[in-house]
Participant: 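Mind looking over this structure? Questions follow.
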Amino acid sequence: MASRSLIVRGRQIPLCARCFGLLLGLPITLLWAFLIPPWVCWCIIATFILDGGTQIMQWRESKNWLRLVTGIGFFPSVLTLAWRILNGA
């Protein structure tokens, strides 16, 4: 859907803003895993779920900047928590 995509240099990115944020979040994970406490990761995951959930329920229309930001934070948060759980940290 064009309204949910980002425009960079006059060209539409063929991904929604949230999916693009997920991809941008991947390289952040290497830095994030050792710096952010688990409770912050849970808060970011909750924000991602609230943003997507309220949009799916059609309670409101999310903005592209919010989709991008929650996408960027979600991927590193999930991987950080998974890494800590698997390593017993």
Side-chain angles (χ1 to χ4, degrees):
M1 184 179 292
S3 65
R4 294 186 181 169
S5 297
L6 298 173
I7 307 293
V8 177
R9 294 185 180 182
R11 301 183 124 206
Q12 181 181 352
I13 295 175
L15 291 171
C16 73
R18 188 171 288 123
C19 293
F20 188 63
L22 289 169
L23 288 176
L24 289 177
L26 182 59
I28 295 171
T29 304
L30 297 173
L31 299 172
W32 191 292
F34 302 104
L35 301 175
I36 305 300
W39 68 269
V40 173
C41 293
W42 286 113
C43 289
I44 292 169
I45 291 169
T47 304
F48 180 88
I49 292 169
L50 280 171
D51 179 45
T54 56
Q55 185 175 332
I56 288 172
M57 299 298 290
Q58 297 180 351
W59 293 345
R60 63 178 191 81
E61 183 67 29
S62 184
K63 306 291 184 207
N64 276 344
W65 68 266
L66 184 56
R67 291 183 191 115
L68 181 65
V69 170
T70 58
I72 288 171
F74 181 77
F75 200 95
S77 295
V78 168
L79 289 181
T80 297
L81 290 174
W83 180 79
R84 289 181 183 209
I85 289 169
L86 291 173
N87 288 309

Participant: Listing request: all salt bridge (charged side-chain N to carboxylate O under 4.0 Å, His left out) pairs with a residue in residues 28-43, at least two apart in sequence or in separate chains.
Facilitator: none
Participant: According to ring pair (Phe, Tyr, Trp, His ring centres under 6.0 Å), who are the partners of F74, at least two apart in sequence or on a separate chain?
Facilitator: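 Partners of F74 by the ring pair (Phe, Tyr, Trp, His ring centres under 6.0 Å) criterion, ordered by chain and then number, come out as F48.
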Participant: Would you please name every residue forming a side-chain hydrogen bond (donor to acceptor under 3.5 Å, both in side chains) with R60, sequence neighbours left out?
Facilitator: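 Applying side-chain hydrogen bond (donor to acceptor under 3.5 Å, both in side chains) to R60 gives D51, T54.
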Participant: My understanding is that only residues two or more places apart in sequence, or in another chain, count here; which of them pass side chain to side chain contact (heavy atoms under 4.5 Å, CB included) with T29?
Facilitator: F75, P76, L79
Participant: For residues 29-45, which residue pairs qualify under salt bridge (charged side-chain N to carboxylate O under 4.0 Å, His left out), counting only residues two or more places apart or in two chains?
Facilitator: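 Checked against salt bridge (charged side-chain N to carboxylate O under 4.0 Å, His left out) - neighbours excluded - no pair reaches residues 29-45.
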Participant: Between R18 and T70, is any pair of side-chain heavy atoms under 4.5 Å apart?
Facilitator: yes
Participant: I'd like a table of donor-acceptor pairs (distance under 3.5 Å, sequence neighbours excluded) in which one partner is a side-chain atom from residues 37-44, with atom names and distances.
Facilitator:
none

Participant: What about I36 and I28, same hydrophobic cluster or not, with Ile/Leu/Val/Met/Phe/Trp/Tyr joined at side-chain heavy-atom distances under 4.5 Å?
Facilitator: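 Both belong to a single hydrophobic cluster.
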Participant: Which pair of non-hydrogen atoms, one from Q55 and one from S62, has the smallest distance, and what is that distance?
Facilitator: OE1-CB, 2.9 Å
Participant: Can you list every pair that meets side chain to side chain donor-acceptor pair (under 3.5 Å) and has a residue in residues 71-81, with sequence neighbours left out?
Facilitator: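 Every pair satisfying side chain to side chain donor-acceptor pair (under 3.5 Å) with a residue in residues 71-81: there are none.
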Participant: Any chance you could measure L81, atom CG, to L86, atom CG, to the nearest 0.5 Å?
Facilitator: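 Output value for this atom pair is 10.5 Å.
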Participant: Would a hydrophobic clustering, with Ile, Leu, Val, Met, Phe, Trp and Tyr connected at side-chain separations under 4.5 Å, put L22 with I45?
Facilitator: yes
Participant: May I have all residue pairs that pass salt bridge (charged side-chain N to carboxylate O under 4.0 Å, His left out) and include part of residues 31-46, sequence neighbours excluded?
Facilitator: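 Matches after skipping sequence neighbours: none remain.
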Participant: By the rule that ILVMFWY residues connect when side-chain heavy atoms come within less than 4.5 angstrom, directly or transitively, which residues belong alongside M57?
Facilitator: W59
